[in-house]
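Take a look at the structure set out below.
Per chain, numbering begins at 1; letters A, B, ... match sequence-line order. Keep in mind that the numbers below use all heavy atoms, side chains included, and drop hydrogens, waters and symmetry copies. Keep in mind that what you see is a predicted model, and the values were worked out from it rather than measured.
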There are 2 protein chains.
Amino acid sequence: MTDIPVPGKAVRGSRSGAPIMALFDLLGRRWAMGVVWTLSEEGPCTFRALQEACESISPAVLNARLKELRAAGFVTQGDGGYCVTPLGQEGYEALLPLSKVSKVWATHIEQSVSDTTD
Amino acid sequence: MTDIPVPGKAVRGSRSGAPIMALFDLLGRRWAMGVVWTLSEEGPCTFRALQEACESISPAVLNARLKELRAAGFVTQGDGGYCVTPLGQEGYEALLPLSKVSKVWATHIEQSVSDTTD
DNA sequence: TCCATTGCTATTAAAATAATAGCATGCTAT
DNA sequence: ATAGCATGCTATTATTTTAATAGCAATGGA
């Protein structure tokens with residue numbers, strides 16, 4: 001497994017270790033944001049429930065992401081299964097604005113498609 | 001190169017094509033968020049200036065991310081070099097809350113380090 | 001005891017990324 | 001004109017990550 005990024009230390013893609021770059025390293029891995037998002041929206045999940053909610057994540061990758069997110073303090077494993085920590089909840093809330101952007105983007109794409117289609 | 005994710009179509013990691021998942025696909029690639037971030041903060045950049053501002057990105061990956069982000073409408077290439085589009089600016093602004101999270105995370109980590117060190 | 005659920009690990013193949021070198025183009029100063 | 005120099009990449013090879021799939025060990029009923 002890859003090292004888990006830690007703010008203040010050099011991380012993949014940034015020698016400075018600027019916290020934001022470390023976070024981009026953590027969340028810029030396949031499925032990382034999707035897992036935080038899904039886990040926050042679904043609430044506590046078993047491994048398999050989370051896997052299904054994610055539609056198409058392989059168990060190896062899910063397990064890798066969960067380990068990283070747990071080590072980073074964004075996710076924890078309790079009696080109800082996996083769930084986000086308060087830090088993970090903050091992370092989820094910080095991702096919320098992206099939802100609006102994604103919708104703007106979607107209409108944006110539709111327009112450029114119709115530009116070339118019509 | 002991998003396909004560029006498009007909201008509404010199945011993307012890597014999501015059959016639904018929910019816009020947010022398509023965006024996670026786009027931005028969840030190595031350096032994607034860092035490029036948007038850096039380009040927004042630095043303003044228009046030449047390829048090489050952007051490469052240096054990113055500290056340690058390889059030209060092949062930078063080029064791949066720029067192509068994807070241009071195709072997605074987040075980045076454009078003008079006279080002053082590469083720069084973010086209005087959509088890219090929205091994306092950047094949507095990432096801003098992550099900065100605070102990264103700082104909370106950084107202090108969080110310091111504490112857990114001192115927990116085991118002291 | 002038999003079976004289902006859960007939480008993974010193992011394996012193999014494909015894809016993405018890193019690291020590095022270097023090329024083609026368009027200046028610009030000599 | 002030509003010899004740099006900057007820019008925007010591409011090429012190549014090695015390494016890492018991810019995908020896809022199978023399956024195992026532990027747990028808890030029925």
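Interatomic distance, CG of B/Asp25 versus CD1 of B/Ile4, reported as 10.5 Å (0.5 Å rounding).
If you take CH2 of A/Trp31 and P of D/dA20, they are 11 Å apart, rounded to a whole angstrom. Between the CD atom of A/Gln51 and the C1' atom of D/dG23 there is a distance of 13 Å, rounded to whole Å. One atom, NZ of B/Lys67, and another, P of D/dG8, lie 15 Å apart when rounded to the nearest Å. Taking atom CG on A/Asn63 and atom P on D/dT21, their separation rounds to 19 Å, with Å as the unit. Nucleotide C/dG7 holds its P atom 10 Å from the CG atom of A/Leu50, rounded to whole Å. Regarding A/Ile57, its CD1 atom lies at a distance of 14 Å from the C1' atom of C/dG7, rounded to whole Å. Atom-to-atom, CZ of A/Arg65 to P of D/dT17 comes out at 9 Å; the value is rounded to the nearest Å. Counting to the nearest Å, the C1' atom of C/dT6 and the CZ atom of A/Arg48 are 6 Å from each other.
Taking every heavy atom of both residues into account, A/Leu26 and A/Ala32 meet most closely at O-CB, 3.5 Å.
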Going through the checks in order, is the ring-ring contact (aromatic ring centres under 6.0 Å, His included) test met by A/Trp31 and B/Phe24?
-> CA-CA 8 Å; A/Trp31 269 112; B/Phe24 285 164; 8.9 Å; no
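Each of A/Arg30 and A/Leu66 was assigned the nucleotide of DNA chain C with the nearest heavy atom; the assignment lying further toward the 5' end belongs to A/Leu66. For A/Pro59 and A/Arg29, each mapped to the nucleotide of DNA chain D holding its nearest heavy atom, the one lying further toward the 5' end belongs to A/Arg29.
The side chain of A/Gln77 lies closest to C/dC8 when the candidates are C/dC8, C/dA10, D/dC9. Residue B/Thr46 has its side chain nearest to D/dT7 when only C/dG7, D/dT7, C/dA19 are considered.
Between the side chain of A/Arg65 and the main chain of A/Arg30, a donor-acceptor pair closer than 3.5 Å is present.
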